[in-house]
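Heads up: the structure comes next, in structure tokens.
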Number of protein chains: 2
Amino acid sequence: MSIEAKPTRERILDAALDLLTAGQGVRMGDVAKQAGISRQALYLHFGTRTELLVATTLHLDQIKGRDARLAPVRAAETGLERLRLWVQAWCAFVPEIHGLARALMDQSVTDAEAALAWAARMEDMRQGCQAALAMLARDGSLRAGMPVDQATDLLWMLLSVQNWEALVQVRGWSQVDYAQQMERQALEMLTGRVGNP
Amino acid sequence: MSIEAKPTRERILDAALDLLTAGQGVRMGDVAKQAGISRQALYLHFGTRTELLVATTLHLDQIKGRDARLAPVRAAETGLERLRLWVQAWCAFVPEIHGLARALMDQSVTDAEAALAWAARMEDMRQGCQAALAMLARDGSLRAGMPVDQATDLLWMLLSVQNWEALVQVRGWSQVDYAQQMERQALEMLTGRVGNP
DNA sequence: AGGATGACTTGACATCGTGTCAATAGAGGC
DNA sequence: GCCTCTATTGACACGATGTCAAGTCATCCT
């Protein structure tokens, strides 16, 4: 399709993505201007700001090929390998989705629907944790005496977007250091075996 | 002092504390009503909502005797003991300050001054982590090959208010389970030695 | 007693962003 | 020629913060 052949809806999503992944404080008017339409026209496509944010996250998933990139994780044969791959895949994802995630979290302050949408996405991520840990338990590699549920919650907490913000944005860690530490801490915490220093 | 002898400023802070520790979505008008004054009178004492929130956190610290309760932590003789005491003290603190913390974090979305105030408090907490870990390093108990700075950041992340929210509020952990896991994970992560199952 | 001061009240108003509504315009389908 | 869909402009309501002005009331000073 040519440059201007893109339907308006998609131009809006692209605009929203541009602005949201870049800076913060994105208003409906900003998105409209970036998409080259009027603010009111925006409301013809997305009834509320929350609706736009949610649609944009789906759009982002599609663009980044979230599903395809998770295929290797699902294909892992051992629990240990699956855990490692899952942590790496997620860690690589966080910076990509962060702007949008932040916008959705901020929106949750005043909008219950946004809170719900964000919670659903986090629950989805938790499923990824759960799947890896169930496999780990199946292999007998899960730490002795640790229930899968507890392990899931701990891993889910460890991998939270807020923790990424804390280490990378606030404390200035490199993405590589972040991912390395997350993998190491996850493995030790959940297998109970200490890795290399 | 008698019931009504309290100066207005204090009645306001008490009112704010009441509302903020209880529910969310506290407006200036709500606080004023609870304190028994007009909304405008509130602005005679606190110029902005952020100012009120910050003053209320200080007020809370004072009421809860934050300083006194940290004395045993500072008195610890070994790094291991200090780390353990610090984690426990902080974990016990989080639910007490949570309402206010949440309000300040939410305020940070739209107000840079609030963001600064919250960051300062978090930096303060980080100092507590740093002190414990410096002592741990002095004792030679810090995990081999782990710089104190890195350890500090990891502990700081682990103990974040957001992580408490995730485990206790979202996942429904009990406060006891939360504190136990935090202590265990902190000790293992930072000493490199695995504890009891 | 007279007068200033300080704390508080009521009421109106500006601002900012979201979301709504009405009137209008152009393009394409049939 | 008419209909519908998309978009435009302009005005407006709402909710919360913060400001401004005018007036009340008690207390303190001398």
Side-chain angles (χ1 to χ4, degrees), chain A residues 1-16 19-20 23-56 100 102-118, chain B residues 1-16 19-20 23-56 100 102-118:
Chain A
M1 61 184 89
S2 88
I3 296 174
E4 278 307 325
K6 273 190 184 174
T8 305
R9 184 187 160 90
E10 226 165 303
R11 272 192 300 145
I12 293 172
L13 290 174
D14 287 348
L19 296 175
L20 286 164
Q24 47 266 62
V26 177
R27 291 155 298 188
M28 293 298 267
D30 298 335
V31 176
K33 189 195 272 185
Q34 177 84 3
I37 59 172
S38 68
R39 190 173 71 88
Q40 288 76 354
L42 192 43
Y43 284 98
L44 297 176
H45 296 269
F46 304 94
T48 68
R49 193 177 123 96
T50 295
E51 211 176 295
L52 172 61
L53 290 179
V54 171
T56 309
L100 226 16
R102 189 71 262 168
L104 209 45
M105 286 189 273
D106 290 351
Q107 183 82 358
S108 301
V109 173
T110 49
D111 183 12
E113 201 190 333
L116 226 68
W118 177 246
Chain B
M1 61 184 88
S2 89
I3 295 176
E4 279 305 325
K6 273 191 183 173
T8 306
R9 186 189 159 89
E10 226 165 303
R11 272 191 301 145
I12 294 172
L13 290 174
D14 287 348
L19 296 176
L20 286 164
Q24 47 266 63
V26 177
R27 290 155 298 187
M28 293 298 267
D30 299 335
V31 176
K33 189 194 273 185
Q34 176 84 0
I37 59 173
S38 68
R39 190 173 71 87
Q40 287 76 353
L42 192 44
Y43 283 98
L44 296 177
H45 297 269
F46 303 95
T48 67
R49 193 177 123 95
T50 295
E51 213 176 294
L52 172 61
L53 290 179
V54 171
T56 309
L100 225 16
R102 190 70 262 168
L104 208 46
M105 285 190 274
D106 289 352
Q107 184 81 357
S108 300
V109 173
T110 50
D111 183 13
E113 202 189 332
L116 228 66
W118 176 247

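None of these values were measured; they are calculated from a predicted model. Chain letters run A, B, ... following the sequence lines, proteins first and then strands; every chain starts at 1. Side chains included, hydrogens not; waters and symmetry mates left out as well; all remaining heavy atoms used.
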### Query
Passes salt bridge (Lys or Arg N to Asp or Glu O under 4.0 Å), A/Asp30 versus A/Arg27? Steps please.
CA-CA 5 Å; A/Asp30 298 335; A/Arg27 291 155 298 188; 3.1 Å; yes
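When rounded to the nearest whole Å, the span between CZ of B/Arg49 and P of D/dG18 equals 8 Å. One can place CZ of B/Phe46 at 19 Å from C1' of D/dA16, the figure rounded to the nearest angstrom. Separating the OH atom of A/Tyr43 from the C1' atom of C/dA22 is a distance of 17 Å, rounded to the nearest angstrom. B/Arg27 has its CZ atom 13 Å from the C1' atom of D/dC14, to the nearest Å. In this structure, CD of B/Gln40 is placed 10 Å from C1' of C/dC8, rounded to the nearest angstrom. Across the protein-nucleic acid pair, A/Leu42 atom CG and C/dT20 atom P stand 12 Å apart, rounded to whole Å. In this structure, CZ of A/Arg11 is placed 11 Å from C1' of D/dT6, rounded to the nearest angstrom. For the pair A/Glu113 CD and C/dT18 P, the interatomic distance rounds to 15 Å; values are reported in whole Å.
For the pair B/Asp106/A/Asp106, no side-chain contact is recorded, criterion being any heavy-atom separation below 4.5 Å from C-beta on. No side-chain heavy atom of A/Glu113 sits under 4.5 Å from any side-chain heavy atom of A/Val54. Proximity of A/Leu53 to A/Leu20: side-chain heavy atoms (C-beta onward) are separated by under 4.5 Å at one or more points.
Here A/His45 reaches the OP1 or OP2 of D/dA7: one of its side-chain N or O atoms lies under 4.0 Å away. B/Ser38 has no side-chain polar atom (N or O) that falls below the 4.0 Å cut-off from OP1 or OP2 of C/dC8.
For A/Thr8, taking side-chain heavy atoms from C-beta onward, the closest of the listed nucleotides C/dT18, D/dT6, C/dT9 is D/dT6. Distances from the side chain of B/Leu44 to the nucleotides C/dG19, C/dT9, D/dA7 place C/dT9 closest. Residue A/Met28 has its side chain nearest to C/dG19 when only D/dA7, C/dG19, D/dG18 are considered.
Interface remark: the A/Arg39 side chain does not form any donor-acceptor pair with the C/dG17 base, using a distance-only criterion of under 3.5 Å.
Under the 3.5 Å distance criterion, the side-chain polar atoms of A/Arg11 are matched with a main-chain donor or acceptor of A/Ala35.
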